Protein chains: 2
Amino acid sequence: MAEEDVPHRPGRWRSGAESKQRILRTARELFGRHGYRGTTVRAIATAAEVDPAMVFYFFGTKQGLFAAAIEMSGAVPPAIESIFTGGLDGMGDRIVRTLLENLDKSDRTPLVMLTRSAPTDEQSEALLREFIDREITGRLAAMLDAPDAALRAGMVNVQILGLAVARYIVRIEPIASASVDELAGSFGPLVQRCLTGRTALPG
Amino acid sequence: MAEEDVPHRPGRWRSGAESKQRILRTARELFGRHGYRGTTVRAIATAAEVDPAMVFYFFGTKQGLFAAAIEMSGAVPPAIESIFTGGLDGMGDRIVRTLLENLDKSDRTPLVMLTRSAPTDEQSEALLREFIDREITGRLAAMLDAPDAALRAGMVNVQILGLAVARYIVRIEPIASASVDELAGSFGPLVQRCLTGRTALPG
DNA sequence: GTCTATAATTAGATAGAC
DNA sequence: GTCTATCTAATTATAGAC
């Protein structure tokens, strides 16, 4: 699994695989742009230049296609790794940069697809929650090893979600048009503060 | 407009108004929970115990109903006012508290409805963007009166959106279950830093 | 593998009786 | 104002020919 770009090997493949990949690629794009409910199977089929029936032939159901689409085919995980290797020093900056660079590159990343779909689709909501718990909260909390580790990780999650929504979904200025460097400059220290700065533990 | 709770005055009203209010109330609840695309007119009608046709009789179209539903009937605006009276001192805390207190009270606030709907509905996306520009960015930027005012306002918007999404939509722990006081303790200073703290202006 | 045809369901919306 | 009945269009999904 996870062959990005299988470019029409001349010796001729069993030829169906190419269609399947085109469908997947298109699905990721449209789910990323309009979310699960805002995307129809027909729209995907049309954009991928195949018959709608073919989509069901390959993926069974719309949910099946969505599941296949978010199966992060190399998109995020390696990038996420690089965040955690290197310790807490400068991690705020790395988190912001990695997030933005990957999301800028393509709006078909699992995080965007899930963030777009979660608000109107309960399945996606659960998937996104699990995704964040597993990929971010879990690792962060383990790494921080402090009594308020969970809260700190939660604060980082708020930054990530807020940044993703403001820049890619609602497109609020100047967040939407700022360069990665600019945002790293302003949000890097902010995230770092969530990780290692002072925290008010009231009471 | 904007009578919350018109509780069945006995002398008998012209009786249609009551239904209209029930529809509106129900619409706000469902749009707030499932977003524009995740909510059907029929579902609203059923929950409001009226006929679907009646919804169209009163509001014309689904969009018309949505528009009427988000017309913030006293929900947020007065609360927003109180944020800005009092100056920059402690404003971070006031922003977080006001946001959470209002959103905790009911998930039928315009902000929640729009935030849920924007990802799958372009109309809602535009409305949310305008709403934020008008109610938050505009006032904040005017108040800050600094060269990087726009960026600072944007950073606050990221906090607001991130908090709203994490707590009310994706429901990430421990953000979702934390008390208002706890979150004010951790996010208040963070927001304050966005407003009045040091900012890296690179280059 | 790919397409045609179509079933089954559901959504938004309208006409018109009462 | 309220409801019945209905229309139209779109959606997910399947059966079956090629």
Side-chain angles (χ1 to χ4, degrees), chain A residues 3 6-27 30-31 33-70 116-117 120-124, chain B residues 3 6 8-27 30-31 33-70 113 116-117 120-124:
Chain A
E3 244 81 332
V6 186
H8 222 288
R9 200 184 282 200
R12 166 114 148 295
W13 213 313
R14 262 218 305 325
S15 117
E18 205 264 344
S19 298
K20 187 169 177 177
Q21 289 306 324
R22 259 215 328 281
I23 293 171
L24 254 184
R25 202 158 13 99
T26 311
L30 294 189
F31 282 139
R33 257 215 285 275
H34 311 296
Y36 183 78
R37 283 200 118 101
T39 306
T40 67
V41 173
R42 294 167 108 90
I44 294 171
T46 303
E49 295 178 296
V50 300
D51 194 276
M54 211 169 151
V55 177
F56 292 106
Y57 170 74
F58 279 123
F59 300 98
T61 65
K62 185 184 177 181
Q63 272 290 338
L65 173 57
F66 186 74
I70 61 174
R116 265 217 202 263
S117 304
T120 44
D121 183 65
E122 307 212 359
Q123 283 243 1
S124 302
Chain B
E3 245 79 333
V6 187
H8 221 290
R9 199 186 283 199
R12 168 113 149 293
W13 215 312
R14 262 216 308 323
S15 117
E18 206 263 344
S19 297
K20 188 169 176 178
Q21 290 305 325
R22 258 215 329 279
I23 293 171
L24 254 183
R25 202 156 17 97
T26 312
L30 294 189
F31 281 139
R33 257 216 285 274
H34 310 298
Y36 183 77
R37 281 198 118 102
T39 305
T40 66
V41 172
R42 296 168 112 92
I44 294 170
T46 304
E49 294 179 295
V50 299
D51 194 277
M54 211 167 149
V55 177
F56 292 106
Y57 170 75
F58 280 123
F59 300 97
T61 65
K62 185 184 178 182
Q63 272 290 339
L65 173 58
F66 187 74
I70 61 174
M113 283 188 280
R116 268 223 200 259
S117 304
T120 44
D121 182 65
E122 308 213 359
Q123 283 243 1
S124 302

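Keep in mind it's a predicted model, so treat the numbers as computed, not measured. Reminder, nothing fancy here: chain letters follow the sequence lines and each chain counts from 1.
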Here the distance between atom C1' of D/dT14 and atom CZ of A/Phe59, to the nearest Å, is 18 Å
Atom pair distance, as rounded to whole Å: CZ in A/Arg22 and C1' in C/dT2:
12 Å
I'd like to check the side-chain hydrogen bond (donor to acceptor under 3.5 Å, both in side chains) partners of A/Ser124; sequence neighbours left out, ordered by chain and number.
A/Asp121
The correct set of residues in residues 33-51 of chain A placing a heavy atom under 4.0 Å from DNA chain C is A/Asp51
Of the candidate nucleotides D/dA13, C/dA13, C/dG1, which contains the atom at the shortest distance from the side chain of B/Thr61?
C/dA13
Rounded off to whole Å, could you give me the CG-to-P distance for the B/Asp121 and C/dG12 pair?
12 Å
What bend angle does the helix from C/dG1-D/dC18 to C/dC18-D/dG1 show across its length, from five-pair end axes and to the nearest 10 degrees?
0°
Hey, can you pull the donor-acceptor pairs under 3.5 Å for the side chains in residues 61-69 of chain A, sequence neighbours left out?
| from | atom 1 | to | atom 2 | distance (Å) |
| --- | --- | --- | --- | --- |
| A/Thr61 | OG1 | A/Gln63 | N | 3.4 |
| A/Thr61 | OG1 | A/Gly64 | N | 3.0 |
| A/Lys62 | NZ | A/Tyr36 | O | 3.0 |
| A/Lys62 | NZ | A/Thr39 | O | 2.8 |
| A/Gln63 | NE2 | A/Tyr36 | OH | 3.4 |

Distance in angstrom units between B/Lys62 NZ and C/dT14 P, rounded:
15 Å
Partner residues of A/Arg22 under the side-chain hydrogen bond (donor to acceptor under 3.5 Å, both in side chains) criterion, sequence neighbours left out
A/Glu18
Would you tell me if any nitrogen or oxygen in the side chain of A/Ser19 comes within less than 4.0 Å of OP1 or OP2 on C/dG1?
no
Let me know the distance between CZ of A/Phe58 and P of C/dC3, rounded to the nearest Å.
10 Å
Round to a whole Å and report the spacing from CD of B/Gln63 to P of C/dA11.
17 Å
Evaluate the side-chain proximity of A/Ile44 to A/Phe31: yes if any heavy-atom separation is below 4.5 Å, no if none is.
yes
Across the strands shown, which category fits B/Tyr57 at heavy-atom distances under 4.0 angstrom: base, sugar-phosphate, nothing?
base
Identify the two heavy atoms, one from B/Ala45 and one from B/Asp51, that lie closest to each other, and give their separation to 0.1 Å.
CB-C, 4.0 Å
B/Phe56 has its side chain closest, among C/dG1, C/dT14, D/dG1, to C/dT14
Nearest to the side chain of A/Ala53 - D/dT14, C/dT2, C/dA15?
D/dT14
Under the side-chain contact (heavy atoms from CB on, under 4.5 Å) test, residues paired with B/Phe58 that sit two or more places apart
B/Ser19, B/Lys20, B/Ile23, B/Met54
Can you tell me the distance, in whole Å, between the NZ atom of A/Lys20 and the C1' atom of C/dT2?
15 Å
Suppose we screen for side-chain contact (heavy atoms from CB on, under 4.5 Å). Which residues come up paired with B/Thr46, at least two apart in sequence or across chains?
none
Partners passing side-chain contact (heavy atoms from CB on, under 4.5 Å) against A/Ala43 (at least two apart in sequence or in another chain)
A/Leu30, A/Thr40
Contacts of type side-chain hydrogen bond (donor to acceptor under 3.5 Å, both in side chains), residue A/Arg37, not counting sequence neighbours
none
